[in-house]
Amino acid sequence: MRDELISAIRDALTAVGVPSPDVVELERPGRREHGAFSTNVALASAKAAGRPPRELAADLVARLEADPPPFVQRVEVAGPGFVNFHLDDAWLHQVLRSVVDAGESWGSGTAGTGSRVLVEYVSANPTGPVHAGHARGAVYGDSLARILRAVGHEVDEEFYVNDRGVQMQVFAASLAARAAGEEPPEGGYQGDYITEWAAEMPADADPLTWGEARALLDQREVLGELGVSFDDWFSERRMVHTGAIDTTLEDLRARGVVDDADGAVWLRSTEFGDDKDRVLVKSDGEVTYLLPDIAYHRDKFARGYDLLVDVWGADHHGYVPRMRAAIEALGHDPASFEVVITQLVRLERGGEEVRISKRSGDLITLRDLIGEVGPDAVRLTYLLQSVDSPQTVDLDVVVAQSNENPVYYVQMANARLRSIDRVAAERGLERLPLASVDLSVLVAERELEVLRVLELLPEVVELAARERAPHKVTTWVRDLAAAVHGFYHDCPVLHPDTPDELRQARWWLAAAASTGLQVGLELLGVSAPEQL
RNA sequence: GCCCUCGUAGCUCAGCUGGAUAGAGCAGCGGACUUCUAAUCCGCCGGUCGCAGGUUCGACUCCUGCCGGGGGCGCCA
């Protein structure tokens, strides 16, 4: 539809003697009285054409109306010089057929075909449970991966395990202390889970090895409950053994971007936009966290990905320039490396802030959260808004089984639609094949609105993928749910007063809407139960 | 001090690559079930889009400066 309109607009421009701009913008007006599509070409080309926008627009309208593209009912000039396209309802009826034909693939696209993407997210240290703060990144990364796949990218998901370094020593020492019935060392881990895990630990176990395995088991389990799984849990320590860290350093040296000074080894990251050079190997001979990180990303590129997307917490955003510099220093296009920063989550209970602190005792684990509200509510809550902005989550609202909680609003919309099939089966009613159903009886606002929203999904998914913004899918799902509730309320399907023809058409509309809800929720990783 | 990020209705947030009269949920007020799930629907109330300039046909959106919140500025991870 878009393409046909754009090409018709280009033809009209040529016909009136105005050169086509490189891109013809076709917008979806916010107001329905402005039509289904709108273009600003007359405004944009007015200067080049040397004519007033409205006059140029009027000429375009005359051309377009003389030979209207399919489904175009009326073309008009509006406002300062917009050209608005009003489409026939038959267009929306065609949308219904498209949705039914596409089924679960409705909304998917091809924008990412041929491109391999690696999404790395969570990557929490293996020193404790995943907490409520990590969960935002977990849900975001998982949903982003789903959306990128929907537009054709080949996507892998990884969790980077920082199982090397001081924090592991501290963690092991804390476990050992608790196992011996002592307090953790100064600066150690204080959480109750340390005591619990220490009690499980066999006497002859190595606290570091055992502790890491215990933490990873816990993380894997609870993320699994949330519907989040990874293709690989990439171990930092593994790179010590494989020599990947040494190889990376040699590579950097060979590229001449490394200096030896003050007994340490430095990456001249300032040559690539960082604000200071960074130490790779400390003067005591230990590598910093940065070098293994670089080695990991070098490994990712070596595996042939076209794009690396890292999801980091806000507290790490200061590392973006040095990582980007390192990637450029390795000879890669910095544009093939993206970092999405997820802003902090503030948890409240009844207006009171609940601190998420790893060292203190009142840690809210993801396990606790899921136990209280279930995975669906956790996911939808986190996906409600852009990760660019700090999020405030009121646990009382998430827990509430009420209309304050959007997850029920959306799931109920689908459950209501599914109930139509159930009740129909009880009553022995039969839905005829779509090919033999006349959809032109769908003329009510409530019916058409559902179709208008459904029609947008491919664009929404494409946009959500391009902007790495799963919350746009959430917004769409809520819009569709609202349209469905309105339809359900005003347009009875199985009621005896509903004429047979209309019942068949509405029934198929309900089926298409349910498909839309299921597809949208699947992209968010939220379930779509048949009944609530 | 420098860097990043956010600032939109009483609260929590949307607002597409700049578009036409800035939207939704909650809260508040008032309505709607002899019907497939009322966890729903409808109406009303509610805004100097932090402030000030700039760019242009047009700015919540882009640029600059300021104000305010959060985060970051280690040979820690």
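Side chains are part of it too, since the values below use all heavy atoms of this structure and drop only hydrogens, waters and symmetry mates. Naming: A, B, ... by sequence-line order, numbering from 1 per chain.
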Measure distances between side-chain N and O atoms of [X] and base N and O atoms of [N], and say whether any donor-acceptor pair falls under 3.5 Å.
{"X": "S283(A)", "N": "C75(B)", "answer": "yes"}
{"X": "N40(A)", "N": "G19(B)", "answer": "yes"}
{"X": "H317(A)", "N": "G71(B)", "answer": "yes"}
{"X": "T475(A)", "N": "A24(B)", "answer": "no"}

Return no unless some side-chain N or O of [X] is found under 4.0 Å from OP1 or OP2 of [N].
{"X": "K282(A)", "N": "G74(B)", "result": "no"}
{"X": "Y409(A)", "N": "U37(B)", "result": "no"}
{"X": "S389(A)", "N": "A14(B)", "result": "yes"}
{"X": "T392(A)", "N": "C13(B)", "result": "yes"}
{"X": "K276(A)", "N": "C2(B)", "result": "no"}
{"X": "R278(A)", "N": "C76(B)", "result": "no"}

H34(A) aromatic ring stacked with six-membered ring of A20(B), 5.5 Å and 30°:
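Stacked: centres under 5.5 Å apart, planes under 30°.
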
Output yes if the stacking criterion (under 5.5 Å between centres, under 30° between planes) is met for F82(A) over the base of G19(B), else no.
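One would not call F82(A) stacked on the G19(B) base.
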
What is the distance from [atom1] of [X] to [atom2] of [N], rounded to the nearest Å?
{"X": "D479(A)", "N": "C41(B)", "atom1": "CG", "atom2": "C1'", "value": "16 Å"}
{"X": "E445(A)", "N": "C42(B)", "atom1": "CD", "atom2": "C1'", "value": "15 Å"}
{"X": "D490(A)", "N": "C41(B)", "atom1": "CG", "atom2": "P", "value": "10 Å"}
{"X": "R503(A)", "N": "C36(B)", "atom1": "CZ", "atom2": "P", "value": "13 Å"}
{"X": "L291(A)", "N": "C76(B)", "atom1": "CG", "atom2": "C1'", "value": "16 Å"}
{"X": "H316(A)", "N": "G74(B)", "atom1": "NE2", "atom2": "P", "value": "14 Å"}
{"X": "D394(A)", "N": "A27(B)", "atom1": "CG", "atom2": "C1'", "value": "13 Å"}
{"X": "D275(A)", "N": "G1(B)", "atom1": "CG", "atom2": "C1'", "value": "13 Å"}

Side chain of [X], heavy atoms from C-beta onward: which of [options] has the nearest atom to it?
{"X": "H471(A)", "options": "G15(B), A20(B), C13(B)", "result": "G15(B)"}
{"X": "Y488(A)", "options": "C75(B), A38(B), A14(B)", "result": "A38(B)"}
{"X": "R446(A)", "options": "U37(B), G25(B), C42(B)", "result": "C42(B)"}
{"X": "D315(A)", "options": "U35(B), G72(B), U17(B)", "result": "G72(B)"}
{"X": "A314(A)", "options": "C36(B), G71(B), C16(B)", "result": "G71(B)"}
{"X": "Q531(A)", "options": "U37(B), G72(B), G25(B)", "result": "U37(B)"}
{"X": "E27(A)", "options": "C76(B), C16(B), G19(B)", "result": "G19(B)"}
{"X": "L43(A)", "options": "G19(B), C75(B), C16(B)", "result": "G19(B)"}
{"X": "L344(A)", "options": "G71(B), A20(B), A14(B)", "result": "G71(B)"}
{"X": "M412(A)", "options": "C41(B), C13(B), U37(B)", "result": "U37(B)"}

Looking at [Y], is its backbone amide N or carbonyl O close enough to the side chain of [X] to form a donor-acceptor pair, meaning the two atoms are under 3.5 Å apart?
{"X": "N40(A)", "Y": "F82(A)", "result": "no"}
{"X": "R379(A)", "Y": "L524(A)", "result": "yes"}
{"X": "R28(A)", "Y": "F37(A)", "result": "no"}
{"X": "W507(A)", "Y": "E430(A)", "result": "no"}
{"X": "S269(A)", "Y": "D275(A)", "result": "no"}

Could you give the distance separating [M] and [N] at their [atom1] atoms, to the nearest angstrom?
{"N": "A9(B)", "M": "C51(B)", "atom1": "P", "result": "11 Å"}
{"N": "C11(B)", "M": "C67(B)", "atom1": "P", "result": "24 Å"}
{"N": "G58(B)", "M": "U21(B)", "atom1": "P", "result": "14 Å"}
{"N": "C6(B)", "M": "U48(B)", "atom1": "P", "result": "23 Å"}
{"N": "C63(B)", "M": "A20(B)", "atom1": "C1'", "result": "24 Å"}
{"N": "C16(B)", "M": "G7(B)", "atom1": "P", "result": "12 Å"}
{"N": "U55(B)", "M": "U40(B)", "atom1": "C1'", "result": "48 Å"}
{"N": "U61(B)", "M": "G50(B)", "atom1": "P", "result": "8 Å"}

Using a heavy-atom cut-off of 4.0 Å across all strands, would you classify [X] as base, sugar-phosphate, or nothing?
{"X": "P492(A)", "value": "base"}
{"X": "D388(A)", "value": "sugar-phosphate"}
{"X": "D274(A)", "value": "nothing"}
{"X": "I341(A)", "value": "nothing"}
{"X": "V423(A)", "value": "sugar-phosphate"}

How do S38(A) and S419(A) order along RNA chain B: which one's closest nucleotide is nearer the 5' end?
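Per heavy-atom nearest nucleotide, the more 5' residue is S38(A).
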
Whichever of L494(A) and E25(A) has the more 5' nearest nucleotide on RNA chain B, that residue is E25(A)

Run through Y121(A), W233(A), F234(A) and flag the one making a side-chain contact (heavy atoms from CB on, under 4.5 Å) with Y160(A).
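Exactly one option meets the side-chain contact (heavy atoms from CB on, under 4.5 Å) with Y160(A), and it is F234(A).
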
Decide yes or no on salt bridge (Lys or Arg N to Asp or Glu O under 4.0 Å) for R253(A) and D260(A), but give the supporting numbers first.
CA-CA 10 Å; R253(A) 275 194 193 282; D260(A) 295 281; 3.0 Å; yes

Counterpart base for [N], defined by Watson-Crick or G-U wobble contacts under 3.5 Å:
{"N": "C44(B)", "answer": "G28(B)"}
{"N": "G58(B)", "answer": "none"}
{"N": "G65(B)", "answer": "C51(B)"}
{"N": "C2(B)", "answer": "G72(B)"}

Checking side-chain polar atoms at under 3.5 Å, does N162(A) have a donor or acceptor matched by the opposite partner on Q167(A)?
no

Could you give the distance from NE2 (H134(A)) to OG (S123(A)), rounded to the nearest 0.5 Å?
9.5 Å

Could you check whether any side-chain heavy atom of P406(A) comes within less than 4.5 Å of a side-chain heavy atom of L384(A), counting everything from C-beta outward?
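Touching, per the 4.5 Å side-chain cut-off.
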
